[in-house]
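Right, one structure below, let's go through it.
What you see is a predicted model; the values in this text were computed from it and never measured.
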Amino acid sequence: MAMHFDLTDMQLMVNISEVNSLTKGAERSFLSLPAASNRIKNLENSLGTTLLYRNSQGVTLTPSGEAFVRHAHIVLRQLEHLRGDISEFAQGIKGKVRVYANTTAMNEFMPAILGKYLARHPDVSIELRERLSYRIVQAVAEGTADVGVVAGVEPSENTVADGLTFMPYRSDNLVLVTHQNHPLAKVDRIAFADTLSYDYVGLSEWSAIHAFLRNAADMLGVPLKFRVEVGGFEAVCRMVAAQVGIGVIPETAAFRYAVTMPVKIIHLTDAWAFRQLHVCVRNLDKLPPFAQDLVQLMREDVEQEEKKTDQVTG
C-alpha cells in the first residue's frame, strides 16, 4: 500500500502531542480547528488506524500515534539538517567533512590539524563529533562519518569486509594523575584495578573516555567513584592538584599540565592504556578531494611527529 505523508500533517501531530490538545496544536500549526481536525481524520483514514484518543479533557496519542510522532520527529529533524546544509552551500560553503574522533584525538590533535586544514580550505566546513572508538568504526562503515580517528581498534576480517581502511596515526597512552602527596604518588606504575578504591575526577559523562573508563571498571566488577566531573583535561588536573581525587587522561596532556601543577604522572600497566591511534576511512579514493586532503594532512602530521622524535632520540 502506497502511503504519502504531508509535512504539515507531521508537524501538526508533533504539536498536538506536545500540548495534548487538538485546539492548541492547531494554533501552533497556524491552522483553524476544523482544518486541523479534517487533516487528522484524512491522515487516520489513509493510514487505516486511529492516531488520537479523544475525550473531554483533550486528546492523547494511541500507540500508532506515538509511533507516528516518533518518526515525524526524526523526519523533521533531518529536514532541519537539510536546510542547514543547503544554507551553507548558498552562503559559499562548497563541502562538508564529517569527522568522528575519540576523546584524545578530539582534544589533543584535531584542533591543530583542523585549524591548518580550514585555513587551506575556506569553502569547506567540518562536522566534528566525539564518540567511542567502536561507534566511530560503525559510523564510518555506515557512511555516517567520512573520517574517523580511533584508538585500540586494529583492522580485522570484518572491517576489511566492510571496505574500511586503517592508517596509523599518533600514539598516546592513558596515564594516572595524582597529587604529589597522594598515597599512590609513591609508585611509578600501577594497575587500574589498584586505583579503584580512591575517588576519581572524571570527564563529563558525554565524553568518550568517561564511558571507556566506566566499562573498564565494570569489567573488573568494581564501581568507578567519580567525586566530580569536569569538562576537559586541564580541569581534571586542576581538581587533582586541589586534592579532590585522581584521574586518567592522555599522557601528552598530563605532561603539559604537570609543568605548572603539583601532579604526579603514573603509568598504567593495563594493555588498554597503551594506545595506537588510527585514521579510519571507507573507500578513500571515493571520498571528495577536499576530504582526501584532510587525510593527507593527517599523514603529514604523523611524518612531522616522527621527524621530531628522531631528532630527539638521535
Side-chain angles (χ1 to χ4, degrees), residues 74-75 77-172 207-209 250 252 275-311:
I74 295 172
V75 171
R77 186 163 57 245
Q78 289 297 322
L79 284 173
E80 285 301 315
H81 291 321
L82 173 60
R83 291 191 186 99
D85 287 348
I86 295 301
S87 176
E88 288 182 349
F89 282 105
Q91 295 170 13
I93 296 296
K94 299 299 188 294
K96 174 183 284 188
V97 186
R98 300 163 299 174
V99 181
Y100 284 18
N102 74 332
T103 306
T104 299
M106 186 91 162
N107 291 274
E108 293 297 300
F109 306 130
M110 296 311 296
I113 288 290
L114 294 182
K116 187 181 298 184
Y117 175 81
L118 291 171
R120 295 182 184 180
H121 298 79
D123 57 352
V124 175
S125 65
I126 297 290
E127 179 183 321
L128 180 62
R129 298 182 182 275
E130 181 180 343
R131 294 288 188 273
L132 287 168
S133 291
Y134 80 93
R135 291 196 177 277
I136 296 172
V137 172
Q138 183 180 36
V140 173
E142 294 175 349
T144 308
D146 301 307
V147 179
V149 185
V150 300
V153 178
E154 299 288 345
S156 65
E157 291 183 3
N158 290 335
T159 57
V160 171
D162 287 335
L164 300 184
T165 300
F166 291 82
M167 294 162 280
Y169 186 44
R170 298 287 202 96
S171 61
D172 195 23
S207 166
I209 205 169
T252 52
R275 293 144 60 88
Q276 171 65 53
L277 273 63
H278 286 82
V279 176
C280 174
V281 297
R282 179 183 175 91
N283 299 325
L284 177 60
D285 293 339
K286 294 184 179 179
L287 285 177
F290 54 81
Q292 294 184 36
D293 288 346
L294 175 60
V295 176
Q296 179 58 35
L297 189 59
M298 297 176 77
R299 284 173 166 171
E300 294 172 4
D301 179 53
V302 173
E303 293 173 359
Q304 293 173 3
E305 191 63 24
E306 288 176 347
K307 288 180 181 178
K308 290 179 183 178
T309 303
D310 292 341
Q311 290 173 356

Mind listing the side-chain donor-acceptor pairs of residues 135-146 below 3.5 Å, one per line with the distance, residues two or more places apart or on another chain?
| unit_1 | atom_1 | unit_2 | atom_2 | d |
| --- | --- | --- | --- | --- |
| Asp146 | OD1 | Arg98 | NH2 | 2.9 |
| Asp146 | OD2 | Arg98 | N | 2.8 |
| Asp146 | OD2 | Arg98 | NE | 3.2 |

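Scanning both residues, Ala101 and Met110, for their nearest heavy atoms gives CB-CG, 4.4 Å. When all heavy atoms are compared, the tightest approach of Ala105 to Pro111 is O-CD, 4.2 Å. Nearest heavy-atom pair across Met298 and Tyr169 is O-CE1, 3.5 Å. Residues Glu130 and Ala208 come closest through the heavy atom pair OE2-N, 2.8 Å. Of all heavy-atom pairs between Asp172 and Pro250, the closest is OD2-CB, 3.0 Å. Here the closest non-hydrogen pair linking Gln276 and Ser171 is OE1-CB, 3.9 Å.
For the pair Val97/His121, no side-chain contact is recorded, criterion being any heavy-atom separation below 4.5 Å from C-beta on. Considering only heavy atoms from C-beta on, Tyr117 stays 4.5 Å or farther from Val99 through its side chain.
Applying the side-chain hydrogen bond (donor to acceptor under 3.5 Å, both in side chains) test to Thr104 and every residue at least two apart in sequence or in another chain returns Arg275. Taking the ring pair (Phe, Tyr, Trp, His ring centres under 6.0 Å) definition, one finds that Phe290 meets it with nothing, sequence neighbours left out.
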Self-check item: From CA spacing to verdict: side-chain contact (heavy atoms from CB on, under 4.5 Å), Val149, Phe109
Solution: CA-CA 10 Å; Val149 185; Phe109 306 130; over 6 Å; no
Quiz item: Hey, mind stepping through Asn102 and Val150 against side-chain contact (heavy atoms from CB on, under 4.5 Å) and telling me if it holds?
Solution: CA-CA 6 Å; Asn102 74 332; Val150 300; over 6 Å; no
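In this structure, the separation between OG1 on Thr103 and CG on Leu132 is 7.5 Å, given to the nearest 0.5 Å. Summarising the geometry, atom CZ belonging to Arg282 is positioned 10.0 Å from atom OG1 belonging to Thr165; distances are rounded to the nearest 0.5 Å.
The salt bridge (charged side-chain N to carboxylate O under 4.0 Å, His left out) pairs that include a residue from residues 103-116 are Glu108-Arg256, where partners are two or more places apart or lie in different chains. Listed by first and then second residue, the salt bridge (charged side-chain N to carboxylate O under 4.0 Å, His left out) pairs that reach into residues 286-302 are Arg170-Asp301, sequence neighbours excluded.
Shown are Val147, Ile113, Leu118; of these, the side chain to side chain contact (heavy atoms under 4.5 Å, CB included) with Ile126 is made only by Leu118.
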